Amino acid sequence: MRLLVTGGAGFIGANFVQQTVTERPEVTVTVLDALTYAGNRSSLDPVADRIDFVHGDIADLDLVDELVSGVDAVVHFAAESHNDNSLAEPWPFLQTNIVGTYALLQAVRRHNVRYHHVSTDEVYGDLAAGDPAFTERTPYNPSSPYSATKAASDMLVRAWGRSFGIKATLSNCSNNYGPYQHVEKFIPRQITNLIDGARPRLYGGGHQIRDWIHVDDHNRAVWAVLEYGRAGQTYLIGADGELDNRTVVEMLLTEFGRAPDDFDFVTDRAGHDQRYAIDASLLREELGWAPRYADFRAGLAATVAWYRDNEHWWRPMKAAAEQAYAEAGERTI
Ligand code: NAD
Ligand code: DAU
C-alpha cells in the first residue's frame with residue numbers, strides 16, 4: 001500500500017508514521033507537512049531514511065492533486081490543533097482545517113483514492129457530569145473556533161461521501177498523550193515546567209474532565225478503521241480514561257516528588273469545555289480494537305521519562321510557547 005500521511009511531522013502524525021514504518025514494512029509512506037510552529041521534522045528522524053517527506057501545504061490544490069494521484073490511501077492528520085491559539089487568532093484554523101480538507105477531498109474524488117479523516121471528540125461540544133458519553137449519533141455542537149472548523153471539515157467529508165461517493169471513513173478521538181506532543185498542550189506543558197523547576201498551571205478550578213488515550217492506541221485504531229472500516233462510517237476512539245485536570249497535575253507532581261498542591265491556578269480558557277467522554281463500543285465490537293495502555297499512571301510516567309530524555313527535542317519550543325500564553329493574558333489567580 002502507498003500511503004499519503006498529512007501532518008506527519010506533528011504529534012499524532014509522527015507517532016503514526018513511526019508505528020507504521022516499524023510494524024508494516026510493506027507500506028510506503030509519503031508525508032505532506034507544512035512544518036508550521038507545530039511541525040517538527042526531527043520527530044521523524046528515527047524513520048527518515050524509510051519515508052518520503054514533502055514540505056508543503058494541504059491547501060495547495062496542485063501539489064495535493066499530484067501527491068494523491070500516486071497513492072492508494074490518504075490519512076489526514078494535518079490541522080491547526082490548539083484551542084487556545086484558535087481563540088487568539090482563528091483564521092489559520094479556517095484555512096487549514098476547512099480549505100485544506102477541501103483540497104484533499106477534491107483530489108481523492110478525482111483519483112478515486114481511499115481517504116481516512118482524523119477528527120476530534122470536541123465536535124460534539126461538552127458534557128455535564130453524569131451525561132452519557134458521546135456516541136457516533138451525538139449531535140454536533142462545537143464550542144471553539146478550533147472545534148467548529150474540525151466539525152466543518154467532518155461535514156465536508158460526509159457531503160463528499162454522499163454526493164460524490166468517495167471512499168471515506170472518519171474517526172473522532174479523545175485527548176491523546178505520549179511522546180512528541182508540543183509543549184503548548186496540557187500534559188507536556190506541565191511536565192516541562194516541572195523539569196524546569198516551575199509550577200504546573202491549571203486553568204480555572206482544574207475540574208474539567210478529559211478522556212485520555214495513549215497516542216499509540218489512537219493510531220492502532222486509525223489503522224483498524226483504515227483497513228476494516230465501512231465507507232461513510234464514523235468511529236469514535238477512546239480508552240475510558242476520564243480524569244479531571246487537577247488529578248492529572250497531582251499525578252505529575254507525585255512523579256516529580258513534589259507536593260500535590262504545588263501548582264498555580266491561572267486564568268480560565270474562554271468557553272472552556274467541561275467534560276469529554278467517549279463510548280467506543282462500535283470500534284471495539286465491529287473492528288475488534290482494544291487499547292494496550294490500560295494504566296494511565298504508567299503511560300504518564302513513560303511520557304515523563306521521554307520528555308526527561310529528549311530535552312533537545314522540546315527545549316527550542318518552550319520559551320515561545322510560554323511567551324504566547326503570557327501575551328494572551330494568562331495570569332495567576
Ligand atoms: P499537531 O498540532 O501536533 O500537528 C499538526 C501537524 O499538521 C503539524 O506537523 C503541522 O506542521 C501540520 N500542518 C498544519 N497546517 C498544515 C497545512 N496547512 N498543510 C500541511 N501541514 C500542516 O496536531 P496533533 O495533536 O498531532 O493532531 C493531529 C490531528 O488529530 C488533528 O487533525 C487533530 O484535530 C486531531 N486530534 C488530535 C487530538 C489530540 O489530543 N492531540 C485528539 C483527537 C484528534
Ligand atoms: O479532545 C481532543 C482534543 O484534545 C483535540 O482535538 C485537540 O487538538 C487537543 O489539543 C486537545 O484539546 P484540549 O483543549 O482538551 O487540550 P489541551 O491540552 O489544550 O488542554 C487539556 C485540558 O487542560 C483543558 O481542560 C485545558 C486544560 N489546561 C491546558 C493547559 C495548556 C490547563 O489547565 N492548563 C494548561 O496550561
Side-chain angles (χ1 to χ4, degrees), residues 5-16 31-41 43-44 54-60 63-64 75-87 92-93 95-97 99-101 103-104 117-124 126 134 142-144 146-147 149-150 153-154 171-178 180-190 193 200-213 215 218-219 222 237-238 243-246 248-249 263-269 272-278 321-322 325 330:
V5 179
T6 72
F11 163 45
I12 305 175
N15 280 285
F16 179 85
V31 168
L32 171 61
D33 198 294
L35 296 177
T36 68
Y37 81 96
N40 193 332
R41 185 99 191 240
S43 303
L44 293 168
V54 178
H55 182 194
D57 190 334
I58 56 164
D60 179 337
L63 174 63
V64 165
V75 180
H76 176 33
F77 290 97
E80 287 292 337
S81 70
H82 192 36
N83 277 296
D84 293 317
N85 293 344
S86 80
L87 296 166
F93 291 73
Q95 172 65 20
T96 286
N97 299 358
V99 179
T101 297
L104 287 158
H117 186 73
V118 178
S119 192
T120 170
D121 58 357
E122 296 195 16
V123 299
Y124 301 113
D126 62 356
F134 301 132
S143 313
S144 74
Y146 161 67
S147 51
T149 59
K150 291 297 292 187
S153 71
D154 291 10
S171 57
N172 295 73
C173 188
S174 58
N175 285 64
N176 286 218
Y177 73 98
Y180 299 104
Q181 187 170 28
H182 195 281
V183 295
E184 70 190 352
K185 301 293 190 336
F186 177 54
I187 287 178
R189 185 183 188 198
Q190 315 314 335
N193 276 3
R201 297 172 80 77
L202 270 173
Y203 292 175
H207 45 72
Q208 289 79 15
I209 293 170
R210 296 293 181 265
D211 190 353
W212 294 100
I213 180 172
V215 63
H218 179 184
N219 284 329
V222 168
I237 304 174
L243 285 170
D244 66 50
N245 294 337
R246 182 170 177 158
V248 174
V249 159
F263 59 80
D264 290 323
F265 286 121
V266 298
T267 329
D268 205 356
R269 172 184 287 171
H272 198 168
D273 280 341
Q274 288 302 309
R275 175 181 167 233
Y276 306 138
I278 291 274
E322 290 305 316
Y325 282 118
E330 185 180 284

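Small disclaimer: the values here were computed from a predicted structure and weren't measured. Residue indices begin at 1 and follow the sequence shown. Atoms within each ligand, like the ligands themselves, are counted from 1 in listed order.
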Show the atoms of ligand 1 that are less than 4.0 angstrom away from any heavy atom in [X].
| X | result |
| --- | --- |
| Ala78 | 7 (O), 21 (N), 22 (C) |
| Asn176 | 39 (C), 40 (O), 42 (C) |
| Tyr146 | 33 (C), 34 (O) |
| Ser81 | 1 (P), 2 (O), 23 (O) |
| Asn175 | 40 (O) |
| Gly56 | 19 (N), 20 (C) |
| Asp57 | 17 (C), 18 (N), 19 (N) |

Taking only heavy atoms of [X], which atoms of ligand 2 are found under 4.0 Å from at least one of them?
| X | value |
| --- | --- |
| Gln190 | 34 (N), 35 (C), 36 (O) |
| Arg210 | 15 (O), 24 (C), 25 (O) |
| His272 | 24 (C), 25 (O), 26 (C) |
| Arg201 | 32 (C), 33 (O), 34 (N), 35 (C), 36 (O) |

**Study point:** His76 side, atom NE2; Thr6 side, atom OG1 - distance, nearest 0.5 Å
**Key:** 5.0 Å
Exercise for review: Would you kindly check if the NZ (Lys) or CZ (Arg) of Arg210 is within the cone defined by 45 degrees around the ring axis of Tyr177 and under 6.0 Å from the six-membered ring centre?
Suggested key: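 The answer is no, since Arg210 fails at least one limit relative to Tyr177.
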Among all protein heavy atoms, pick out the one at the shortest distance from [atom]; state its residue, atom name and that distance to 0.1 Å.
| atom | answer |
| --- | --- |
| atom 29 (C) of ligand 1 | Phe77 O, 3.1 Å |
| atom 8 (O) of ligand 2 | Ser81 O, 2.8 Å |
| atom 29 (C) of ligand 2 | Tyr203 CE1, 3.5 Å |

Please determine if [X] has a nitrogen or oxygen closer than 3.5 Å to a nitrogen or oxygen of ligand 1.
| X | value |
| --- | --- |
| Thr120 | no |
| Leu32 | no |
| Asp33 | yes |
| Ile58 | yes |
| Thr36 | yes |
| Thr96 | yes |
| Ser119 | no |
| Ala34 | yes |

Review point. Which is it for Ser174 and ligand 1 at heavy atoms under 4.0 Å: side chain, backbone, both or neither?
Key: backbone
Exercise for review: Between Asn40 and ligand 1, find which residue part has any heavy-atom pair under 4.0 Å and reply side chain, backbone, both or neither.
Suggested key: neither
Check your understanding: Relative to ligand 2, is Asn175 under 4.0 angstrom through side chain, backbone, both or neither, heavy atoms considered?
Key -> both
